[in-house]
A.B. asks: 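What follows is a structure written as structure tokens; I'll ask about it next.
Because only heavy atoms are used, hydrogens play no part in the values below, and waters and symmetry mates are left out as well, while side chains stay in. Sequence lines set the chain letters: A, B, ... in the order given, protein chains first and strands last, and positions in each chain run from 1.
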2 protein chains.
Amino acid sequence: MEPTRNDPIPHPAVRRLSLYLRQLESFKRKGRRTISSRQLGESLNFTDAQVRKDLAYFGQFGHPGVGYLVDDLIAQLKHILGTDKTWNVALIGAGNLGRALMAYNGFEAKGFHIVAVFDADSAKIGQRIGPFDPDKRTYLIQPISELKSTIDQMGVRLAMLAVPVDAAQEVADRIIEAGIRGILNFAPTSLNVPEEIALNAVDLAVQLEQLSFQVNFATVGAANG
Amino acid sequence: MEPTRNDPIPHPAVRRLSLYLRQLESFKRKGRRTISSRQLGESLNFTDAQVRKDLAYFGQFGHPGVGYLVDDLIAQLKHILGTDKTWNVALIGAGNLGRALMAYNGFEAKGFHIVAVFDADSAKIGQRIGPFDPDKRTYLIQPISELKSTIDQMGVRLAMLAVPVDAAQEVADRIIEAGIRGILNFAPTSLNVPEEIALNAVDLAVQLEQLSFQVNFATVGAANG
DNA sequence: GGATGTGAATGCATTCACAGCA
DNA sequence: TGCTGTGAATGCATTCACATCC
């Protein structure tokens, strides 16, 4: 009988998986072929036990006495995270932040392709808007009304939401209805979405606020990430 | 005898404080004068007990039978987070992401002023670079060698690091030596900093990777935020 | 020796449940 | 009655420590 993974996986463990992958790719570039849980952990200020336990939630990837094979573990983690294949992503909002996201190389490198850009501003629709970087491609801005047909056609399941805060909830509702399964929300507001929709939030001002607290308060004693 | 706050404050509680503040400001705009822990919690999908306990780490702000006074709690939270006064912030890196950060209104609104921009690219130094938004001010790009005198002069303690991944650690070392106390790191790499330096990281690709996992894996059962 | 994988122990964070106050 | 603030209880996540394997 197969072990059919279904014990509870701590959410923090999944977050760390991405960091392990990032470190492993860096170790790989430096020519490392194997790595121990201790070394991987040290590079991120985690304990060795933490690393082993996190990985063990998903399988047995290590070799006693040896450690983990870097290439192998990279492949395993990509598979677990679902980034062993590419994802088509929609960008909603072609303002400043949206244009910066168009220009960001890090997405392509990880297999996330921005394949369509939408905006509510009728002045932008039909235009080809580029990121600021002239080396990069431009994107045809589509009206949100075309979202459904476009994402169906292109198999888009993820969206980055970079619209003004007042529009965020309404737009979120619409893109979910159109079939989006996961949203990365950049608007500084809390979105209500059905339970089956994945949601992650990036609020830049909140991040600075946290730093403010740490610097003020913990003249000694702040943690880091 | 004063209660001299020094029991341990859970880090997750501090993160939520920022979200409470954001919600309170939204409730204030809608004209609310008081709010209960239940209502505040519901707006963020937290329990009422969570809200009360988080706030109680910092003082007694509520009124039994009434709830919390919105204006008062906003003021208290700003004071706790250190955003009741303004902060001068340095931006390191004037590439695409850097320029998007220059354009982002959300920082000013929360009292964070970008007062200086640095870059290693000698072609950019001395130029006035604007964000893409033509309504906004431009910034004089300075060489990193001037960081120390500029931040001393302007009392800068926080920095946003938007430089390429290969430069990130070296630049971090330099700005810490120059007196920066807190860093918001946008480079997709793990930085080593002394314990007394506050560090927060925003890795956009990691955020998408987490969505990928949630969408793939948890066809039913992902959490949100 | 040097490493993993994992039950058991610890340590944190969240939730419960209720006394107390308006 | 309606709500806060808070010890006590629960539930999670992390760490320990060791059997096991190369």
A.B. asks: A:Thr47 has a side chain; which of C:dA3, C:dA13, D:dT15 sits nearest to it?
C.D. replies: D:dT15
A.B. asks: Please report, rounded to the nearest Å, how far the P atom of C:dT4 is from the CG atom of A:Asp72.
C.D. replies: 14 Å
A.B. asks: Which of these nucleotides, D:dC21, C:dT6, D:dC3, is closest to any side-chain atom of B:Pro64?
C.D. replies: D:dC3
A.B. asks: Is there a side-chain polar atom (N or O) of A:Tyr68 under 4.0 Å from OP1 or OP2 of C:dG5?
C.D. replies: yes
A.B. asks: Within a radius of less than 6.0 Å around CZ of B:Arg16, do more than 12 heavy atoms belonging to other residues, nucleotides or ligands occur?
C.D. replies: yes
A.B. asks: NE2 of A:His11 versus C1' of D:dG11: gap in Å, rounded?
C.D. replies: 16 Å
A.B. asks: Walk me through whether B:Glu209 and A:Arg15 qualify under salt bridge (charged side-chain N to carboxylate O under 4.0 Å, His left out).
C.D. replies: CA-CA 9 Å; B:Glu209 222 168 51; A:Arg15 268 185 269 126; over 6 Å; no
A.B. asks: Send over the distance from B:Gln76 CD to D:dG5 P, rounded to a whole Å.
C.D. replies: 11 Å
A.B. asks: Can you tell me the distance, in whole Å, between the CZ atom of B:Phe61 and the C1' atom of C:dA22?
C.D. replies: 19 Å
A.B. asks: On the nucleotide D:dG5, are OP1 or OP2 found under 4.0 Å from the side-chain N or O atoms that B:Arg52 carries?
C.D. replies: no
A.B. asks: Assuming nearest nucleotide by heavy-atom distance, tell me which of B:His63 and A:Ala13 is located more 5' along DNA chain D.
C.D. replies: B:His63
A.B. asks: Would you say B:Tyr57 places a side-chain N or O within less than 4.0 Å of OP1 or OP2 belonging to C:dT14?
C.D. replies: no
A.B. asks: Donor-acceptor pair, A:Ser212 side chain versus B:Leu81 backbone, under 3.5 Å?
C.D. replies: yes
A.B. asks: Between B:Ile35 and B:Lys53, who's closer to the 5' end of DNA chain D by nearest nucleotide?
C.D. replies: B:Ile35
A.B. asks: From D:dT4, C:dT14, D:dT6, pick the nucleotide closest to the side chain of B:Pro12?
C.D. replies: C:dT14
A.B. asks: To the nearest Å, give me how far apart CD1 (A:Ile9) and P (D:dA13) are.
C.D. replies: 11 Å
A.B. asks: Evaluate whether atom CD of B:Glu170 has more than 12 neighbouring non-hydrogen atoms of other residues, nucleotides or ligands under 6.0 angstrom away.
C.D. replies: no
A.B. asks: In whole angstroms, how far is the P atom of C:dT10 from the CD atom of A:Gln50?
C.D. replies: 19 Å
A.B. asks: Which part of the nucleic acid, if any, lies within contact of A:Gly65, taking any heavy atom under 4.0 Å across all strands shown: a base, the sugar-phosphate backbone alone, or nothing?
C.D. replies: base
A.B. asks: What orientation do B:Phe213 and B:Phe217 show, parallel under 30°, tilted 30 to 60°, or perpendicular over 60°?
C.D. replies: parallel
A.B. asks: Would you kindly give the CD-to-C1' distance between A:Gln60 and C:dA3, to the nearest whole Å?
C.D. replies: 14 Å
A.B. asks: Looking at the side chain of A:Arg16, which of D:dT14, C:dA3, D:dG2 is the nearest nucleotide?
C.D. replies: D:dT14
A.B. asks: Rounded to whole Å, please give me the gap between CG in B:Asp54 and P in C:dT14.
C.D. replies: 7 Å
A.B. asks: Choose from D:dC16, C:dA13, D:dT14 the nucleotide whose nearest atom is closest to any side-chain atom of A:Ala49.
C.D. replies: D:dC16
